[in-house]
Every structure is written in C-alpha cells, then in structure tokens.
J.: 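Okay, here's the structure, questions in a sec.
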Amino acid sequence: MLNIKDIFAKAGDKDILKGLNLEVKPGEVHAIMGPNGAGKSTLGNVLAGMPHVEVTAGSVDMQGKDLLALEPEERAAEGVFLAFQYPVEIPGVNNMYFLRTALNAQRKYRGEEEMDSASFLRMVKQKIKDMNMRDDLLKRPVNVGFSGGEKKRNEVFQMGVLEPKLAILDETDSGLDIDALKIVADGVNQLRSPDRSFVIITHYQRLLDYIEPDFVHVLADGKIVRSGDKNLALELEEQGYGWLNQ
Amino acid sequence: MSEIDNQTASTADVENRAVKERANQAYKDGFVTDIESETLPPGLNEDVIRQISAKKDEPEWLLEYRLNAFKQWQAMPNPDWAKLNVPAIDFQAISYFSAPKSNKNAPKSLDEVDPKLLETYDKLGVPLHERERLAGVAVDAVFDSVSVGTTFKAELEKVGVIFSSFSEAVKDHPELVKQHLGSVVPSRDNYFAALNAAVFSDGSFVYIPKGVRCPMELSTYFRINAINTGQFERTLIVAEEGSYVSYLEGCTAPMRDENQLHAAVVELVAMKDAKIKYSTVQNWYPGDENGKGGIYNFVTKRGLCQGDNSKISWTQVETGSAITWKYPSCILRGDHSSGEFYSVALTNNYQQADTGTKMIHLGKNTKSTIISKGISVGKSSNAYRGLVRVAKKADHARNFTQCDSLLIGKDCGAHTFPYTESANSTAKIEHEATTSKISEDQLNYCLQRGIGEEDAISLIVDGFCKQVFKELPMEFAVEAKALLDISLEGAIG
C-alpha cells in the first residue's frame with residue numbers, strides 16, 4: 001500500500017523529518033506515537049502534500065505511484081485521506097454540498113461518473129446512520145460552530161463517505177471526551193477492511209484501547225526509533241517518552 | 001456624522017500555482033450585435049434634449065421636466081467624495097441616444113422585433129419569445145436607448161398589472177408617470193440623477209394595482225450595444241396598497257476599449273402593506289485585465305416606503321463595470337415599514353466599487369437590515385458606504401448592519417464607511433463588520449478532500465455570499481453564482 005523511504009522534510013527552515021522509513025500493507029493499522037515536536041503531524045502533512053511542508057529527500061510509493069509527484073487534490077483522489085488535527089471552518093458551505101463536491105471531484109479524476117444529488121443523498125443518509133451520528137451534521141456549514149468533538153466526528157464521517165485507501169488520523173483523539181472518543185473509534189473500526197490501511201497519529205495510548213493497531217511505532221526527532229505491536233503502546237503509557245533522551 | 005471602522009487591508013495570502021497558467025477572465029457577454037442604429041451625434045445641450053424628447057414624441061410637461069433637470073445639472077459639481085478614482089468624463093463626447101433603426105416604428109409584438117435582436121437576447125440567455133420561457137418571467141429588454149420588447153404583457157394586463165417600457169407608459173398612462181416621476185429621486189438629487197432626468201431614453205414602468213400579487217417575476221434586461229453611447233434608463237415601480245411584486249434586472253455590454261457611461265435612476269413606491277422585491281445582477285463589461293475599457297456605472301436607486309407596513313427589499317450582485325457608484329436606498333416613511341439591502345460586490349483586476357445603501361427611518365417602529373459582502377481580487381478596490389439615519393419622530397427604529405469583506409490576493413483593498421445619525425434615543429442600531437481573507441488552511445482543507453484550487457475558491461466565496469444569494473429568486477441565484485465563478489477566474493496569481 002504505502003512505502004516511505006528515507007524521507008527528509010522541512011517546515012519553514014526547520015528540519016523535521018530526518019530519514020523516516022515506514023511500510024504499510026493493505027488492511028494494516030499503524031499507530032505513530034511520540035513526544036511533541038517529533039514530527040508526527042509533519043508526516044501526515046507530507047503524505048497529504050500540504051504546501052507548508054517541503055520534502056528534501058526520500059520517496060513515497062503508494063500502490064506503484066510516486067505520491068510526492070502528485071498535487072494534494074490528486075493524492076486525495078488516489079485515496080489519501082487526512083483527518084485534520086484542527087478541522088477548518090468554511091462558513092456558508094453546507095457539509096453535504098462540500099462532500100458531494102469533493103466526492104465528485106475525486107470520481108472525475110478517477111474517470112468515474114459523477115454522482116447525482118439524489119443518489120448522493122441516499123448514500124450519506126445511510127452512512128450517517130451506520131456511524132451513529134446525527135444527520136443535522138449534513139446541513140450545517142462545514143465545521144462552523146461545531147464543538148471539538150463534533151469536528152472530529154465530522155472528519156471520520158467524511159472519511160466514511162470518501163472511502164479512502166489510506167486514512168491518516170492526525171491526533172483525532174485530542175480534546176475528546178470518552179463518549180466522543182468511542183464514536184470516533186467506532187467509525188474508524190467500521191471502516192477497517194482488508195484493502196484499507198490506517199496511519200493513526202496519537203500522543204496517547206487511550207485511543208488504541210478502542211482501535212487496535214497491528215503495529216506501533218515511536219517517532220522521535222524525525223525518525224522511527226522503535227517499532228512493535230500494541231503492547232509497545234502500553235509500555236509507552238507506563239514509561240512516558242523520557243527514556244528517549246537517555 | 002461619524003466615520004468608524006475604516007479598514008484598508010492588503011494581504012499576501014493565497015499563493016497559487018494552477019491559476020497562474022490560466023488566461024484571464026473571459027467576459028462571455030462581450031460580443032457586439034451588428035445592427036443598423038440611429039444614433040444622435042455626440043454632444044449635450046438643450047437641442048439634444050429637445051431632439052430626444054421629439055424622437056419619443058413626448059408631451060410638453062416631460063420636455064419641461066428634462067430641460068429643468070438639465071439646468072440643475074449644469075449648476076452641479078461632479079461628486080468626488082466616493083473612494084473612487086474617476087477619470088474626467090467628457091460629457092460632450094457621448095451620444096445620448098441610440099436606437100436600432102428597424103425599431104423606429106415600435107414593434108406591436110415580438111414577431112415584429114428584428115430577428116438579430118432576438119438572437120442577441122438568446123445569446124445572453126434571455127430568450128424573448130414567451131413560449132420559450134420555462135420559468136414564466138416577464139421580460140422587458142432595453143437595447144441601448146430603447147425598449148425592444150416586453151413579454152407576457154397580455155397575461156399581466158388580465159390582473160391589471162402594467163409592465164411596459166417607460167416610453168409606452170408615458171403615452172398610455174401619463175397621469176401615473178407624471179404623479180410618480182421624480183417623487184422619490186428628484187432631478188436635483190445628485191449630479192447623475194439630474195443628468196439622467198435630462199436625457200433618459202427608456203426603461204421600464206411597473207404598476208401593481210391595489211391588492212394584486214403580481215403572478216410572475218418581472219424582469220428588465222439592459223444591453224449597451226452601440227459605441228460611444230451612454231445608457232440612461234429610468235425605472236419606475238409603483239405598488240399600490242397590499243400588492244406585491246418581485247422585479248429582476250440584468251445588464252451586459254460588449255467589450256470595448258473605450259469607457260462607456262451608464263447613469264440610471266430607479267424609483268420604487270410602496271403604499272400601505274405593499275412589498276417590492278428588487279433584484280439586480282449587474283454584469284456590465286468591467287474592462288480588461290489592464291483596466292482598459294469598461295462601463296462607468298453611476299446609478300441612483302431609491303425606494304419609498306410610503307405607507308404603513310410597507311416593505312422594500314434590494315438585492316444586488318455586482319460583478320461588472322469598471323467603476324460602480326451605487327447606493328440603493330430606502331426611505332421608511334410609513335410606520336412599521338421595513339427596508340432591506342443585501343449586496344454582493346465583487347471587484348477584480350482594476351475595477352473600483354463604492355457601493356452600499358441608505359436607510360432613512362422616518363416612521364415609528366421602522367426596521368432596516370443591511371447585509372453587505374464585498375469581495376476584492378487582483379488590484380481592485382471595493383468600498384462599502386452606508387448611512388443609517390433615524391429621524392426625531394422615528395420611535396423604536398431598528399437597524400442591523402453586517403458588513404463583511406473578503407480579500408483574495410495581495411494587491412486589493414477593502415474599505416468600510418458606515419455612517420450613523422440618530423435623533424431619537426429609542427433607536428437601536430447594530431453594526432458588525434469583518435474583514436477576512438481566504439485562508440491557506442481553508443484552501444488546504446478543500447485540496448485534501450480532492451477539490452482543486454479554482455473550485456475550492458469558488459466554493460469558499462459562494463459560502464461567503466450565501467446570506468445574500470438566498471435572497472435572490474432561484475433562477476437568478478444560479479446565474480449569480482455562475483457569474484461570480486467567471487469573475488473569479490484567473491483571480492489568484
């Protein structure tokens with residue numbers, strides 16, 4: 001699915017990623033943990049092609065395609081989805097219209113037929129029911145006046161509608177109470193499938209109680225310094241990240 | 001008088017790649033119709049005014065009205081208080097009358113209208129043949145100085161609604177025209193209103209009798225075609241007690257290197273319990289990307305809420321013209337009357353707009369709402385100028401003003417000039433203003449979801465304008481959005 005080789009990346013003048021390697025196979029869930037400032041979010045931004053990060057060396061291959069050569073909207077259409085840590089408000093644009101515009105832009109890129117509004121409406125109504133979310137989410141303007149929890153739920157809902165191949169969750173658990181966390185985790189678990197992979201960026205082990213990862217990686221100072229299974233997350237929860245500096 | 005919250009902003013916000021490659025915006029209505037016209041030679045004096053009046057076979061009182069306005073105009077200075085850089089206009093270099101020749105003996109029906117003209121309106125998306133109208137909108141089409149056809153007249157007459165060209169109204173309903181002409185915008189009101197009163201050529205006249213709800217949207221389509229001519233149309237809408245009308249106005253012009261002058265006057269009169277909804281989509285040629293050519297749009301629009309409980313609502317989408325100077329206003333004379341102003345003004349390249357409204361509260365419990373959305377792109381300048389005045393006797397008057405500016409690119413400007421004057425301590429006046437730019441975060445968010453940059457900008461701008469668009473009649477809302485998209489093309493770079 002995804003093969004990241006020896007990536008170096010900058011944000012502004014600052015070197016953030018310094019030779020990061022990661023391989024994700026179809027259907028796998030990888031958790032990326034690590035202290036603040038280690039480069040976790042930068043990794044997500046590099047994969048999504050956000051313009052404020054600059055890749056200086058390395059390669060990213062996604063299903064045989066050179067991901068770094070693609071524009072951000074092309075990557076989205078190829079199946080990359082980033083659930084933002086701070087979802088943005090777009091006043092006056094309702095969520096459903098936004099999502100239909102996004103879905104049809106992606107379908108157009110892939111040479112598929114655009115979805116008409118009636119079929120789209122049926123589809124999103126079913127999805128929102130399946131994900132146990134309230135359907136007023138559809139009519140409200142994108143993230144405007146949403147609580148922190150609603151914003152994160154909306155990210156997962158969008159993910160459900162756009163059905164990406166590679167979903168990256170950037171600290172989706174931050175700022176969520178336990179109920180909101182469960183809804184978000186349920187949403188993600190429903191979307192798990194043999195041909196969809198997840199990269200879950202998180203500071204805390206808590207989320208991983210609900211989304212069980214296949215692999216856990218520790219990212220520190222721009223590199224992955226340790227990898228293991230879900231028990232590594234529990235270990236980190238006990239020990240913190242202080243040992244990294246020793 | 002106070003001037004608060006005067007903002008000038010310049011941002012270096014949205015850097016962008018795709019748009020740089022694009023050609024600059026295409027003005028889709030910029031074609032010229034090759035039609036024989038009868039045009040007065042350039043120049044302005046009493047003789048010209050007499051000639052216009054004679055061509056239109058006008059009664060003596062109307063000629064007197066024109067000549068009087070001309071005298072007033074000659075004594076007035078050209079206004080310079082707007083935040084506009086207006087090159088000197090040579091009023092002697094303009095022709096004040098141009099009419100398609102074949103139209104000399106006004107057509108009795110659309111079948112007599114020159115096919116070339118019909119084709120022009122088809123191209124503009126305003127097919128004049130009634131049977132081709134799906135939506136059931138009655139149209140009056142004004143081509144240069146004259147009306148070339150009004151649709152659905154017979155059906156409207158059945159319910160007593162008069163919808164005709166101004167010239168016809170002068171002939172067929174002189175008493176109505178005489179009673180209301182200049183009653184809301186007197187000829188001495190301002191420089192351009194006086195000029196219009198002296199030389200106006202045609203326009204639309206609407207009369208809705210007592211208790212009648214006009215069964216369809218009425219619309220006028222203005223088109224400047226001839227070179228070096230000005231367009232000076234006049235619209236008068238009278239809504240009698242308890243009546244309702246929704247009126248739409250659209251405008252286009254060919255692309256020409258020379259600037260052309262458009263100085264219109266619109267007067268609305270709403271009697272007791274009457275409601276008038278007036279919507280404009282203004283798409284006069286804005287000039288090219290270097291600021292060459294384009295229409296100078298100096299317009300006086302004003303509505304009088306004469307009776308109690310009357311209501312006048314202005315909605316405008318302004319994307320065209322090199323210069324826009326326009327303040328659709330409401331005089332709230334009747335008790336419990338209300339005025340609304342919803343505006344989207346988009347300026348790109350070197351366009352300049354100074355637009356807004358005046359809400360004059362005279363009656364008790366009068367209410368006004370102002371929602372203004374300014375979008376500045378390129379090197380353009382976009383100003384909101386608004387006045388809310390509460391007179392001494394206007395107890396419990398209320399106003400709400402919201403004024404938002406959106407900046408796209410780093411060389412444009414947005415300015416806000418809200419004036420408030422209150423002579424009554426029970427008045428409640430609220431003003432909110434914001435200036436924002438399309439943020440990189442918003443753009444990135446859209447890109448990440450697969451929406452390309454141009455579409456993302458159009459989506460964000462559309463959202464910004466939502467409050468105003470939802471006030472437009474449906475078919476106009478679609479046109480307005482499309483127009484905004486065209487005006488935004490090549491917006492960023």
Side-chain angles (χ1 to χ4, degrees), chain A residues 44-45 47-53 70-95 97-110 112 114 140-144 151 154-155 157-159 161-164 166-168 170, chain B residues 12-21 317 342 344 371-375 402 404-406 408 432 434-472 477-478 480-481 484-485 492:
Chain A
N45 289 331
L47 295 177
M50 294 292 96
H52 52 276
V53 290
L70 299 177
E71 299 295 350
E73 65 272 28
E74 295 172 332
R75 299 184 199 198
E78 292 287 346
V80 177
F81 182 93
L82 174 63
F84 285 83
Q85 186 176 359
Y86 303 108
V88 179
E89 299 185 1
I90 310 179
V93 178
N94 82 48
N95 223 358
Y97 183 68
F98 176 74
L99 268 176
R100 191 156 84 89
T101 307
L103 182 67
N104 280 336
Q106 293 196 11
R107 290 172 76 109
K108 199 171 163 193
Y109 172 88
R110 295 194 292 256
E112 300 163 14
E114 293 191 17
R140 293 164 64 185
V142 181
N143 295 320
V144 177
K151 282 185 183 171
N154 191 23
E155 293 294 283
F157 172 64
Q158 291 189 10
M159 188 194 296
V161 171
L162 296 174
E163 301 183 324
L166 173 70
I168 307 151
D170 188 4
Chain B
D13 198 45
V14 184
E15 280 299 316
N16 149 314
R17 45 175 210 285
V19 181
K20 283 180 185 147
E21 297 154 17
V317 176
Y342 299 96
V344 166
I371 308 283
S372 164
K373 305 275 180 178
I375 303 151
Q402 184 188 335
D404 300 322
S405 307
L406 185 67
I408 303 176
E432 286 177 12
T434 65
T435 300
S436 56
K437 46 205 175 187
I438 290 186
S439 74
E440 206 167 313
D441 287 347
Q442 281 176 325
L443 219 45
N444 288 344
Y445 192 75
C446 294
L447 292 176
Q448 207 300 304
R449 295 300 182 254
I451 303 169
E453 187 139 6
E454 293 257 317
D455 290 340
I457 288 164
S458 146
L459 188 82
I460 294 164
V461 170
D462 186 38
F464 177 76
C465 301
K466 191 61 113 219
Q467 264 175 302
V468 174
F469 284 175
K470 72 178 173 45
E471 297 297 327
L472 286 171
V478 174
K481 190 186 171 325
L484 223 56
D485 286 349
I492 317 163

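As the structure is a prediction and not an experimental result, all values here were calculated from the model. The analysis underlying the following values was restricted to heavy atoms, covering all of them including side chains, and did not include hydrogens, waters or symmetry mates. Note on naming: letters A, B, ... go to the chains in the order of the sequence lines (proteins, then strands), and numbering restarts at 1 for each one.
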J.: Can you name the nearest heavy-atom pair linking A:Ala105 to B:Gly450, along with the distance?
T.: CB-O, 3.2 Å
J.: Would you indicate whether the side-chain heavy atoms of B:Asp462 and A:Val93 approach each other to under 4.5 Å?
T.: no
J.: Measuring only between side-chain heavy atoms, which start at C-beta, is A:Arg75 closer than 4.5 Å to B:Leu447?
T.: no
J.: What's the shortest heavy-atom distance between A:Ile90 and B:Cys446, and which atoms?
T.: CD1-SG, 3.8 Å
J.: On a heavy-atom basis, which atom in B:Gln448 and which in A:Val80 lie closest, and how many Å separate them?
T.: NE2-O, 3.0 Å
J.: Give, as side chain, backbone, both or neither, the part of B:Tyr445 having an atom under 4.5 angstrom from any heavy atom of chain A.
T.: both
J.: Side-chain contact, heavy-atom cut-off 4.5 Å: A:Pro91 with B:Gln442?
T.: yes
J.: So B:Asp441 and A:Phe84, do their side chains get closer than 4.5 Å, heavy atoms only?
T.: no
J.: Counting only non-hydrogen atoms closer than 4.5 Å, does A:Asn104 touch chain B with its backbone (N, CA, C, O), its side chain (CB onward), both, or neither?
T.: neither
J.: With a 4.5 angstrom heavy-atom cut-off, could you sort out which part of A:Pro164 is near chain B: side chain, backbone, both or neither?
T.: neither
J.: With a 4.5 Å limit on heavy-atom distance, are the side chains of A:Leu162 and B:Arg449 in contact?
T.: yes
J.: Under 4.5 Å, counting heavy-atom pairs only, tell me which of A:Tyr86, A:Phe98, A:Tyr97 racks up the most with chain B.
T.: A:Phe98
J.: Using a 4.5 Å cut-off on heavy atoms from C-beta on, say whether the side chain of B:Leu443 contacts that of A:Pro51.
T.: no
J.: Can you say whether A:Gln158 sits under 4.5 Å from chain B via the side chain, the backbone, both, or neither, judging by heavy atoms?
T.: side chain
